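These figures come from a predicted structure and were not determined experimentally. So you know, we letter chains A, B, ... as the sequences are listed, proteins then strands, and number each from 1.
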2 protein chains.
Amino acid sequence: MKSTIPDTGVPIAPPAANGGDRQEASLHGEILLRLRDYVVEGNIPEGARVPERQLCEMFGISRTPLREALKVLAAEGLIELLPNRGARVRQLGQRDLEELFDVMAGLESLAGRLACETITDAEITAIEQLHYEMYGHYLHRDMHGYFQANQRIHESIVAAARNETLKTAYANFAGRIRRVRYSANFARKRQRWAEAMREHEAILDALRRRAASELSDILFQHLRNKRAAAIEHLAEPEENAPASP
Amino acid sequence: MKSTIPDTGVPIAPPAANGGDRQEASLHGEILLRLRDYVVEGNIPEGARVPERQLCEMFGISRTPLREALKVLAAEGLIELLPNRGARVRQLGQRDLEELFDVMAGLESLAGRLACETITDAEITAIEQLHYEMYGHYLHRDMHGYFQANQRIHESIVAAARNETLKTAYANFAGRIRRVRYSANFARKRQRWAEAMREHEAILDALRRRAASELSDILFQHLRNKRAAAIEHLAEPEENAPASP
DNA sequence: GTTCACTATTTTGCATTCATTTTTTGTCAT
DNA sequence: ATGACAAAAAATGAATGCAAAATAGTGAAC
């Protein structure tokens with residue numbers, strides 16, 4: 001086994017030739033989007049080198065636009081550049097995750113604060129709707145549905161902040177921990193699940209009252225709890241984990 | 001007059017061949033640092049095209065590493081890429097500034113919250129020291145000194161948060177509005193100056209008590225007030241501004 | 001004198017090429 | 001077999017080359 005990328009047998013196989021029907025004017029832009037997804041989706045193992053040549057063949061492009069995309073991804077913190085040694089997928093240690101979760105907490109906290117200033121009743125109703133939907137998934141133990149509804153609620157709050165800069169930054173950080181968030185299916189812990197539901201109710205309550213700083217506190221604490229659950233999960237990786245060394 | 005870059009007469013004149021004695025392994029990395037400074041310092045007028053060829057000559061490199069740096073700066077939001085038309089320095093409208101200030105407010109608010117968890121008495125003392133220094137500049141009407149002390153205080157709070165990710169993000173956003181911050185020497189308004197001093201005292205007070213959410217609120221409001229002053233200043237640009245149209 | 005059309009020049013985006021550095025492979029001695 | 005060393009292969013980083021697009025320049029028509 002040589003390649004770090006799973007070889008499908010087909011030499012040239014773009015993972016999403018234009019799946020999301022998003023169209024970028026420049027080749028560089030398109031490659032950036034596709035490569036980011038490719039990395040975020042975990043197609044290259046953590047800490048592994050990013051094989052330029054192989055990716056070029058896969059995308060059917062030359063190295064120039066790919067390398068430009070790599071530089072951007074490095075600036076975003078998704079990969080890291082080693083001098084004369086190419087790029088490797090950034091390995092997130094526990095400390096990195098703690099930091100990232102805290103920054104996310106700060107951004108969501110800010111989003112809530114700003115949302116209180118301009119959110120409409122209709123928007124709140126929409127979020128309530130999502131909340132009930134999420135509650136349904138909770139009752140049915142549908143973790144995937146729960147997760148999605150949960151994510152949409154948080155995205156709605158960010159959207160209600162009406163700050164494109166914030167939205168972009170939020171998306172950026174969310175991308176960095178996306179992989180971990182999925183793997184950290186903390187939902188197995190029923191207690192945390194119920195707790196999260198209660199917290200979400202508090203969020204909605206504060207939002208209805210437009211209590212900016214209160215909502216800010218609640219959101220921060222909510223994310224902090226998520227962080228604790230995710231980190232805790234990381235510590236005891238899997239049920240059937242063999243003793244390491 | 002053809003060039004958008006002020007021609008010093010000397011054709012090849014690197015602005016900082018290695019001024020900050022920072023050394024990057026890759027040419028790309030060095031160019032990124034130098035070009036970022038070059039743009040942030042306002043050497044290219046807002047909205048003007050970024051002249052690749054000229055910059056290449058100036059830095060004495062080929063277009064490849066320069067273009068890589070341009071892609072990164074675009075991702076950072078400092079410049080924007082036009083399809084088949086190169087890059088231009090991003091023009092910040094009033095709305096952009098409001099958004100940026102709010103995000104900065106959120107990050108500082110977060111920094112304060114986190115700082116309360118781990119800040120040492122010694123660190124608080126150091127910030128108090130800066131505060132007194134700033135107060136001295138205030139009394140002497142030394143705007144430049146005041147500004148610097150002020151900035152160092154905010155940086156100290158961010159540092160006390162012990163979160164490298166936050167620190168990096170903060171520096172990134174700070175860079176985007178750096179130019180505007182300088183030009184917006186709101187300090188001419190004595191009233192705002194005095195107000196800022198009072199706010200800083202409240203910040204120190206909350207910090208001493210490790211009152212996390214209170215400090216978070218104060219910092220947010222403090223930045224909001226700064227934002228108001230900066231925007232207000234933008235509206236009435238200069239004392240001797242000729243009628244525009 | 002202004003406006004439009006057409007050509008020439010420049011600029012941009014990407015591919016290709018080249019010099020180094022790193023990594024792998026191969027050989028030989030221990 | 002194992003390790004050290006040397007050569008070969010591959011990769012990286014940056015420069016150069018080339019086709020397409022955009023801009024500037026020129027002149028004719030109104």
Side-chain angles (χ1 to χ4, degrees), chain A residues 1-5 7 11-12 14 17-18 22-35 39 44-45 47-75 78-90, chain B residues 1-5 7 11-12 14 17-18 22-35 39 44-45 47-75 78-90:
Chain A
M1 195 197 281
K2 230 177 139 179
S3 159
T4 56
I5 292 186
D7 193 342
I12 294 175
N18 208 341
R22 59 196 171 187
Q23 39 200 352
E24 274 289 316
S26 66
L27 191 46
H28 151 265
E30 194 196 311
I31 292 300
L32 177 58
L33 290 175
R34 292 218 263 157
L35 185 56
V39 172
I44 307 177
R49 296 247 314 247
V50 178
E52 276 187 20
R53 181 155 292 285
Q54 224 165 320
L55 291 172
C56 286
E57 284 175 17
M58 192 173 78
F59 290 128
I61 56 163
S62 83
R63 284 174 58 219
T64 308
L66 185 98
R67 298 183 99 259
E68 289 171 350
L70 286 178
K71 301 292 186 286
V72 174
L73 293 185
L78 229 75
I79 65 178
E80 52 193 352
L81 266 31
L82 315 179
N84 288 321
R85 222 175 282 190
R88 76 165 45 156
V89 176
R90 183 153 165 212
Chain B
M1 193 195 284
K2 240 180 129 167
S3 158
T4 56
I5 293 186
D7 193 342
I12 295 176
N18 208 340
R22 61 198 167 183
Q23 39 201 353
E24 273 290 318
S26 66
L27 192 44
H28 152 265
E30 194 196 311
I31 291 300
L32 177 58
L33 290 174
R34 291 217 264 157
L35 186 57
V39 172
I44 306 176
R49 293 260 298 265
V50 179
E52 277 187 20
R53 179 158 290 287
Q54 226 166 318
L55 290 172
C56 286
E57 284 175 17
M58 193 174 77
F59 291 127
I61 55 162
S62 82
R63 285 174 56 218
T64 308
L66 184 96
R67 298 184 98 258
E68 288 171 350
L70 286 178
K71 302 292 186 286
V72 174
L73 293 185
L78 230 75
I79 65 177
E80 52 193 352
L81 266 31
L82 314 178
N84 290 319
R85 227 178 280 187
R88 76 163 48 154
V89 176
R90 182 150 168 216

Novice: Near DNA chain C, counting only heavy atoms under 4.0 Å, which residues of residues 66-73 of chain B show up?
Specialist: Arg67(B)

Novice: Between dT23(D), dC14(C), dA11(D), spot the one nearest the side chain of Arg53(A), thanks.
Specialist: dA11(D)

Novice: Measure across Gly29(B) and Ser26(B) and return the closest heavy-atom pair with its distance rounded to 0.1 Å.
Specialist: N-OG, 3.0 Å

Novice: Return the value, rounded to whole Å, for the distance between atom CD of Glu57(A) and atom C1' of dA15(C).
Specialist: 15 Å

Novice: Report yes or no: does Arg85(B) contribute a side-chain atom to a donor-acceptor pair with the main-chain N or O of Arg49(B) at less than 3.5 Å?
Specialist: no

Novice: Starting from C1' on dT16(D), measure out to CD1 on Ile61(B) and report it in whole angstrom.
Specialist: 14 Å

Novice: dT12(D) P sits how many Å from Ile79(A) CD1, rounded?
Specialist: 11 Å

Novice: Under the side chain to side chain donor-acceptor pair (under 3.5 Å) rule, collect the residues that match up with Glu52(B), sequence neighbours excluded.
Specialist: Arg63(B), Arg67(B)

Novice: Does a side-chain N or O of Arg49(B) approach OP1 or OP2 of dT12(C) to a distance below 4.0 Å, or not?
Specialist: yes

Novice: Taking the minimum atom-to-atom distance to the side chain of Glu52(B), which one of dT12(C), dT12(D), dA15(C) wins?
Specialist: dT12(C)

Novice: Taking the side chain of Thr64(A) as its heavy atoms from C-beta onward, which of dA11(D), dT21(C), dA15(C) lies nearest to it?
Specialist: dA15(C)

Novice: Looking at Val72(B), Leu66(B), Ile44(B), which one forms a side-chain contact (heavy atoms from CB on, under 4.5 Å) with Leu35(B)?
Specialist: Leu66(B)

Novice: Side chain of Pro65(A), heavy atoms from C-beta onward: which of dA22(D), dA15(D), dA15(C) has the nearest atom to it?
Specialist: dA15(C)

Novice: Considering all heavy atoms of both residues, which atom of Ala87(A) and which atom of Ile79(A) are nearest to each other, and what is their separation?
Specialist: CB-CD1, 3.9 Å

Novice: At 4.0 Å (heavy atoms only), tell me whether Arg63(A) reaches a base, stays on the sugar-phosphate, or touches nothing.
Specialist: base

Novice: Of the non-hydrogen atoms in Ile31(A) and Pro65(A), which two are nearest, and what is the gap between them?
Specialist: CG2-O, 4.4 Å

Novice: Within this structure, what is the CG-to-P distance between Leu32(B) and dG13(D), rounded to whole angstrom?
Specialist: 14 Å

Novice: Hey, does Leu81(A) reach any base, or is it just sugar-phosphate, or nothing, if we go heavy atoms under 4.0 Å?
Specialist: nothing

Novice: Taking C-beta and beyond as the side chain, do Lys71(B) and Lys71(A) meet within less than 4.5 Å on heavy atoms?
Specialist: no

Novice: Return the value, rounded to whole Å, for the distance between atom CG of Leu27(A) and atom P of dG13(C).
Specialist: 11 Å

Novice: When you get a sec, tell me which of dT23(D), dT22(C), dA14(D) is the closest nucleotide to the side chain of Arg85(A)?
Specialist: dT22(C)

Novice: Any donor-acceptor pair under 3.5 Å joining the side chain of Ser62(B) to the base of dA14(D)?
Specialist: no

Novice: With the side chain of Asn84(A) defined as its heavy atoms from C-beta on, choose the nearest nucleotide among dT23(D), dT21(C), dC14(C).
Specialist: dT21(C)

Novice: Rounded to the nearest Å, what distance is computed from the CZ atom of residue Arg88(A) to the C1' atom of nucleotide dA11(D)?
Specialist: 15 Å

Novice: Taking CG from Leu55(A) and P from dT12(D), how many angstroms apart are they, rounded to a whole number?
Specialist: 10 Å

